[in-house]
Amino acid sequence: DVYFNQDLDISPFPMVPTAAQDRVTRSFSQEVRLTSPGDQPLRYIVGAYYQHSKRDIDTFAELDFCLFVASCFSGPAGGFVSGGVIPAVLADNRITFKQYALFGQINYDIMDTLELTAALRYDIDRRRQQDLSPPVAAVPPGFKATYKSLQPKFSLAYSFPGGTLAYATMAKGFRSGGFNSNDVVTREFKKEELWNYELGFKTMLAEAMGVSRSEVAKRVAFIMSGGTEGVLSPHVTVFARNAASGGTPATGDKRLSIGV
């Protein structure tokens with residue numbers, strides 16, 4: 001369960017003492033995978049994913065009646081005067097998700113220093129929403145839609161002597177659509193798909209210094225990516241890592257990120 005509350009009037013006066021949203025989610029998910037041994041030139045992973053979720057979203061507020069009669073500051077010297085609090089249900093929605101996915105990935109060592117990766121994922125997302133806000137009809141209004149996407153990915157990585165890695169990746173991303181709680185702007189928002197292209201490298205900028213916990217490795221990565229509009233977005237990341245962390249982020253890690 002998740003509960004949100006905020007000061008909607010953004011003032012020291014309780015004109016809107018409560019503006020909140022209560023979310024209750026019940027979900028079941030399961031993923032199964034079949035993975036090959038990792039010590040062979042051709043490696044693979046195939047799997048399936050399923051999720052079934054139900055979410056109740058209750059959006060409500062408390063409004064001071066003085067807002068409707070323009071009397072909030074009718075007290076002496078313009079002081080605040082409450083006209084009484086009115087509860088208001090802004091939206092009450094019940095949403096059901098059923099998500100299915102099949103995926104697979106192959107990694108092949110063309111040479112000891114050159115690796116090819118090819119992956120494919122297929123998503124199906126079935127969504128249904130009912131509006132339960134009063135007044136509720138005998139059959140609450142409902143909306144449903146199915147969003148599908150086939151997402152390929154290809155990557156080529158080359159390892160240079162000394163630990164430098166250069167790579168090129170092309171992949172398609174997917175974000176499912178859905179429904180808003182009302183149609184003030186639009187009731188349904190469509191799915192989003194994006195092609196992403198990356199060219200980058202990872203390399204050691206300094207040798208490890210000593211063998212104690214102060215051993216530090218510095219790496220730099222440069223990524224050039226572009227979406228469906230063909231806009232390139234260079235990004236440089238430099239970080240220093242405590243080698244004693246075993247390759248995972250740890251206290252004392254330093255990171256500098258510069259992007260456009």
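Below, all heavy atoms of this structure are taken into account, side chains as well, without hydrogens, waters or symmetry copies. It should be emphasised that the depicted structure is a prediction, and the values quoted were computed from it without experimental measurement.
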Legend entry - Cluster overlap V69 with V85, hydrophobic side-chain contacts below 4.5 Å: no
Legend entry - Full working for side-chain contact (heavy atoms from CB on, under 4.5 Å) between L194 and F174: CA-CA 7 Å; L194 172 73; F174 164 67; over 6 Å; no
Legend entry - salt bridge (Lys or Arg N to Asp or Glu O under 4.0 Å) involving E62 - partner list, sequence neighbours excluded: none
Legend entry - Side-chain heavy-atom pair W195, M170 within 4.5 angstrom cut-off: yes
Inset, instruction - Keeping the roles fixed (side chain from Q129, backbone from G178), state whether a donor-acceptor pair exists under 3.5 Å. - result: no
Inset, instruction - Measure across T186 and N180 and return the closest heavy-atom pair with its distance rounded to 0.1 Å. - result: O-ND2, 2.7 Å
Legend entry - Criterion side-chain contact (heavy atoms from CB on, under 4.5 Å) on N107 and I45, from CA distance to verdict: CA-CA 9 Å; N107 296 79; I45 177 172; 5.8 Å; no
Inset, instruction - Look at the rings of Y50 and H52 and say which category their plane angle falls in: under 30° parallel, 30 to 60° tilted, over 60° perpendicular. - result: tilted
Legend entry - E188/K144 salt bridge by N-O under 4.0 Å criterion: no
Legend entry - Single hit among L114, T113, D112 for side-chain contact (heavy atoms from CB on, under 4.5 Å) with I110: L114
Inset, instruction - Kindly work out whether a path of hydrophobic side-chain contacts (I/L/V/M/F/W/Y, heavy atoms less than 4.5 Å apart) joins F160 to L116. - result: yes
Inset, instruction - State, to 0.1 Å, how close C66 and G83 come at their nearest heavy-atom pair, and which atoms those are. - result: CB-N, 4.0 Å
Legend entry - Interatomic spacing from OG in S176 to CZ in F189 - rounded to 0.5 Å: 7.5 Å
Legend entry - Under-4.0 Å salt bridge between R127 and D125: yes
Legend entry - T18 (side chain) donor-acceptor with A61 (main chain) under 3.5 angstrom: no
Legend entry - Any donor-acceptor N/O pair, R55 side chain to R23 backbone, under 3.5 Å: no
Inset, instruction - Answer yes or no: is there a side-chain heavy-atom contact under 4.5 Å between R128 and F179? - result: no
Legend entry - F143 with Y147, same ILVMFWY side-chain cluster at under 4.5 Å: yes
Legend entry - ring-ring contact (aromatic ring centres under 6.0 Å, His included) assessment of F13 paired with F73: CA-CA 10 Å; F13 306 104; F73 302 99; 5.0 Å; yes
Inset, instruction - State yes or no: do Y100 and L120 share one hydrophobic cluster built from I, L, V, M, F, W and Y residues joined by side-chain heavy-atom distances below 4.5 Å, directly or via other members? - result: yes
Inset, instruction - Flag the pair V16 / L67 as yes when at least one side-chain heavy-atom distance between them is below 4.5 Å, and no otherwise. - result: yes
Legend entry - More than 12 heavy atoms from other groups under 6.0 Å of CG on L156: yes
Legend entry - Any S27 side-chain heavy atom under 4.5 Å of Q51 side chain: yes
Legend entry - Side chains of S155 and T117, donor plus acceptor under 3.5 Å: no
Inset, instruction - Quick one: do E192 and K190 satisfy salt bridge (Lys or Arg N to Asp or Glu O under 4.0 Å)? Show the steps, please. - result: CA-CA 7 Å; E192 297 181 14; K190 300 296 185 179; over 6 Å; no
Legend entry - L102 and V46: CA distance, side-chain angles, deciding distance, side-chain contact (heavy atoms from CB on, under 4.5 Å) verdict: CA-CA 8 Å; L102 296 174; V46 293; over 6 Å; no
Legend entry - Close side-chain approach of I95 and D56, heavy atoms under 4.5 Å: no
Inset, instruction - With the side chain counted from C-beta on, respond yes when Y158 and M111 share a heavy-atom pair under 4.5 Å apart, and no when they do not. - result: yes
Inset, instruction - Check the pair E193, K148 against salt bridge (Lys or Arg N to Asp or Glu O under 4.0 Å), reporting the backbone distance first and the verdict last. - result: CA-CA 10 Å; E193 294 179 313; K148 303 177 182 180; over 6 Å; no
Legend entry - Presence of salt bridge, D123 and K191, under 4.0 angstrom: no
Inset, instruction - Mark yes when over 12 heavy atoms from residues, nucleotides or ligands other than K172 sit less than 6.0 Å from its NZ; otherwise mark no. - result: yes
Inset, instruction - Compare all side-chain heavy atoms of K153 with those of T169 and state whether any distance is below 4.5 angstrom. - result: yes
Legend entry - Crowding at CZ, R187 (>12 non-hydrogen neighbours, <6.0 Å): yes
Inset, instruction - Apply the test side-chain contact (heavy atoms from CB on, under 4.5 Å) to residues Y108 and R43: give CA-CA distance (whole Å), side-chain angles for both, the deciding distance (0.1 Å), then the verdict. - result: CA-CA 6 Å; Y108 179 64; R43 303 170 298 280; over 6 Å; no
Inset, instruction - Answer yes or no: is there a side-chain heavy-atom contact under 4.5 Å between I86 and D64? - result: no
